[in-house]
Q: 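This structure is in structure tokens; I'll ask about it shortly.
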Amino acid sequence: MLFRGTLTCRLAEEGLPPPNPHGPVSSGLTELMMNSFCPQRPNVSGADQVKRTIAFLTSDPIATQWFYSNIASHVSVSSVVKLAAILLKCLHASFDSEMMKMAELQANDGKKRRRYVKRQIDEEEEEDES
């Protein structure tokens, strides 16, 4: 029995020169790993698919690249499109969240600057009065 790490390492090696990411070995490894990283059972939610994709991407980016480049050979086009749509929605939500955080930080920073400037003006006025 091979460990998953061995399979992902072998899949990553398929992309090394001379690259053969769509060859029989890559295709076979993709098929072996389908149930782990892109299960097609009806009870697997979109959130679970995203978690699996992110975990795979985090653990082995190169193997992930070759795995997902071969996935269309093993599942229907509609399944690939659904996964892509889910991942794009996740990315969009993450981007929106980061933009909101940045806007909030900038708004708070602006308030601090206004307080600082007001404090400076008040101190200058006090000095002028003395």
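Numbers for residues simply follow the sequence, beginning at 1.
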Q: Between Thr53 (side chain) and Gln49 (backbone), is there a donor-acceptor pair under 3.5 Å?
A: yes
Q: Using the six-membered ring wherever Trp is involved, compare the ring planes of Phe56 and Tyr68 and label them parallel, tilted or perpendicular (cut-offs 30° and 60°).
A: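 Phe56 and Tyr68: tilted rings.
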Q: For Cys90 and Val50, which heavy atoms make the closest approach, and how far apart are they?
A: SG-CG1, 3.8 Å
Q: Could you grab the distance from atom CG of Asn35 to atom CD of Gln40, nearest 0.5 Å is fine?
A: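 Result: 9.5 Å between the selected atoms.
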Q: If you look at every heavy atom in Thr64 and Asp60, which pair is closest and at what distance?
A: OG1-O, 2.7 Å
Q: Enter the distance from Glu14:CD to Cys9:SG here, rounded to the nearest 0.5 Å.
A: 12.5 Å
Q: Report the residues that fulfil side chain to side chain donor-acceptor pair (under 3.5 Å) with Glu31, sequence neighbours left out, ordered by chain and then residue number.
A: none
Q: What distance do Leu57 atom CG and Phe67 atom CZ have between them, rounded to the nearest 0.5 Å?
A: 12.5 Å
Q: Using salt bridge (Lys or Arg N to Asp or Glu O under 4.0 Å) as the criterion, list what pairs up with Glu104, not counting sequence neighbours.
A: none
Q: Taking Arg52 for its side chain and Ala47 for its backbone only, find out whether a donor-acceptor pair lies under 3.5 Å.
A: no
Q: Taking all non-hydrogen atoms of both residues into account, name the closest pair between Ile86 and Gly46 and its distance.
A: CD1-CA, 3.7 Å
Q: Measure the CZ-CG distance between Phe95 and Leu88 for me, rounded to the nearest 0.5 Å.
A: 13.5 Å
Q: Of all heavy-atom pairs between Ala63 and Ala12, which one has the smallest distance, and what is that distance?
A: N-CB, 3.9 Å
Q: So, His74 and Asn70: side-chain donor and acceptor under 3.5 Å apart, yes or no?
A: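 Looking only at side-chain atoms, Asn70 and His74 do not form any donor-acceptor pair under 3.5 Å.
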Q: Does Leu87 share a hydrophobic cluster with Met34, counting links as ILVMFWY side-chain heavy atoms below 4.5 Å and allowing steps through other members?
A: yes
Q: Going hydrophobic residue to hydrophobic residue with side-chain gaps under 4.5 angstrom, can you get from Val81 over to Ile71?
A: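 No; Ile71 is not reachable from Val81 via cluster members.
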Q: If we ignore hydrogens and angles and just use 3.5 Å, is the side chain of Ser69 paired with the main-chain N or O of Trp66 as donor and acceptor?
A: yes
Q: Determine, stepwise, if the pair Ser59 / Thr8 fulfils side chain to side chain contact (heavy atoms under 4.5 Å, CB included).
A: CA-CA 9 Å; Ser59 69; Thr8 58; 5.9 Å; no
Q: Measure the spacing between CG of Leu11 and OG1 of Thr6 and express it to the nearest 0.5 Å.
A: 12.5 Å
Q: Is Met33 reachable from Val44 through a run of I, L, V, M, F, W or Y residues, each pair having side-chain heavy atoms under 4.5 Å apart?
A: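 Each belongs to a different hydrophobic cluster.
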Q: Could you state the interatomic distance from NE2 (His92) to OG (Ser97), rounded to the nearest 0.5 Å?
A: 12.0 Å
